[in-house]
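What follows is a set of notes on a single structure, which appears directly below.
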There are 2 protein chains.
Amino acid sequence: MTRLSAEERRSALVQAALRVIARRGVTAATTRAIAAEAGMPLASFHYAFRSRDELIRELVAIVVESERLATMKSLTADVDIRSAVRAGLQAYFDLVVTEPGREQAMFELLHYALRTPGLGDLPRAQYESYYEVARVLLREGAARANVTWTLPLDEVAKLVVSLTDGLTLGWLADRDDAAAARLMDSAADFLATLAEPVSHSEPVTDPQGNPDTQPDPKSRPEEHS
Amino acid sequence: MTRLSAEERRSALVQAALRVIARRGVTAATTRAIAAEAGMPLASFHYAFRSRDELIRELVAIVVESERLATMKSLTADVDIRSAVRAGLQAYFDLVVTEPGREQAMFELLHYALRTPGLGDLPRAQYESYYEVARVLLREGAARANVTWTLPLDEVAKLVVSLTDGLTLGWLADRDDAAAARLMDSAADFLATLAEPVSHSEPVTDPQGNPDTQPDPKSRPEEHS
DNA sequence: GTCTATAAAGTGATAGAC
DNA sequence: GTCTATCACTTTATAGAC
């Protein structure tokens, strides 16, 4: 093996681990399997990482970030909000169908982190990243379609993430493409009902939809973007 | 250990396995851990089951069935459909909060089955059971509220299961009870928009909403129950 | 029927030669 | 810096004594 910097080795091992996990699951991602996938002897693993969990932690962070960047690009040219939402769901779903193992790996990593002491803070970060992606896409999509969301942006984003999670799990279980398409249709119909045309005299309070600034969670405000 | 029939042993081991998985995850459910939890020597495990996977297979079937029976009881006395749906979601969510490990175990078992050759047919059965529960509750709830669903029952059921899956995963990740409550509010609002008062001249075609009998998935019929 | 003892294979991690 | 060889441990599964 030619000489690599410690950082190069770490990156190569993380990418190798991701391939192994996508192909055969988190359980199969042993230090030996990861090192072999990266074409390194086992000892190089522990030269680059203190432990297997240290690699898993870096892996989740890197994959979440790369998913964030990839999904951010999925804004389409649609002008009406229903079509834009439907297209966004389809773009995500195409990703799932193209690489089911990869998306499955994200769920497995979530559950692994939930069960592993010392990794317990990862799930929150993972979902916060999902929510942020959803918020950005929903905000930009609404702006392009000249609509505002009638629920706080955070809540719409949570709905989107919940729906896509459910969509993904259901499809992974039954591989029913047509049912997934119908589900995305219904979800897009629903989300579109949460948007209304902008009123030009709209107040500009709380443009972020920050949950901490909501005066009363019980009240359901009329205008957010 | 006193003498037990083979069937009693199998049942005891399955229940012990479920406790271990709920407490510490699928990975921790080794034959040793399961036998110890059941208070048996290791060899009794292999006397009752040919292999660990044979137990897992039986475990999933039993747990799915017991969840089916438990959830079937969750019909409330609410008469308007929005309240009934909201109460149903709350009943499910209370179950998740009370026993998070158990619900987490169902996801872990799904992913385990998806990765294990010979268990590949379990996920489909698991989700078909979820869908059936949802269909029964939605049909009965609609009947009590004197409404009909404006989408095929199957599609409403898939929406419900997707939303609850997403709800559960999100809560497991961030443990945000208030956010989960808001999500259930939005979901109930949405699902209620898919119901309309019964028209008494309603035709009685396709009362089951069977997907195989739908003439054209692209068309979105107006009346189903 | 029941259980101790052990086989056979796999695991994360490391010592120490080069 | 790199890698072979190995440690200490855990896993599933079974042989064979009682």
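By convention in this document, chain letters (A, B, ...) are assigned in the order of the sequence lines, proteins followed by strands, and residues within each chain are numbered from 1.
Of all heavy-atom pairs spanning A:Gly170 and B:Tyr131, the tightest one is CA-OH, 3.8 Å. Nearest heavy atom pair, residue B:Leu114 against residue A:Leu172, reads CD2-O, 3.4 Å. In this structure, B:Ser44 and B:Leu13 approach most closely via the heavy-atom pair O-CD1, 4.3 Å. Nearest heavy-atom pair across A:Ala38 and A:Ala12 is CB-O, 4.2 Å.
A salt bridge links B:Glu65 to B:Arg68: one of the charged nitrogens lies within less than 4.0 Å of a carboxylate oxygen. A salt bridge between A:Glu155 and A:Arg135 is absent, with no side-chain N of the basic residue lying under 4.0 Å from a carboxylate O of the acidic one.
Whole-Å rounding puts the B:Met40 CE to D:dA13 P distance at 17 Å. Separating the CZ atom of A:Phe49 from the P atom of D:dG1 is a distance of 16 Å, rounded to the nearest angstrom. Atom P of nucleotide C:dT4 and atom OH of B:Tyr47 are separated by 16 Å, given to the nearest angstrom.
Under 3.5 Å, the side chains of B:Tyr130 and B:Thr164 contain no donor-acceptor pair of N or O atoms.
Interface residues of residues 106-117 of chain B facing DNA chain C, ordered by number: none; criterion, heavy-atom separation under 4.0 Å.
Phosphate proximity of C:dG1 to B:Arg9: absent, as no side-chain N or O sits under 4.0 Å from OP1 or OP2. Put simply, A:Ser44 has a side-chain N or O that comes within less than 4.0 Å of OP1 or OP2 on D:dC3.
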Item checked: Contact state string [nucleotides 11-18 of chain C, B base, S sugar-phosphate only, - no protein heavy atom under 4.0 Å] -> BBBB----
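Partner A:Asp174 forms a side chain to side chain donor-acceptor pair (under 3.5 Å) with one of B:Lys158, B:Arg124, B:Gln126 and no other, that one being B:Lys158.
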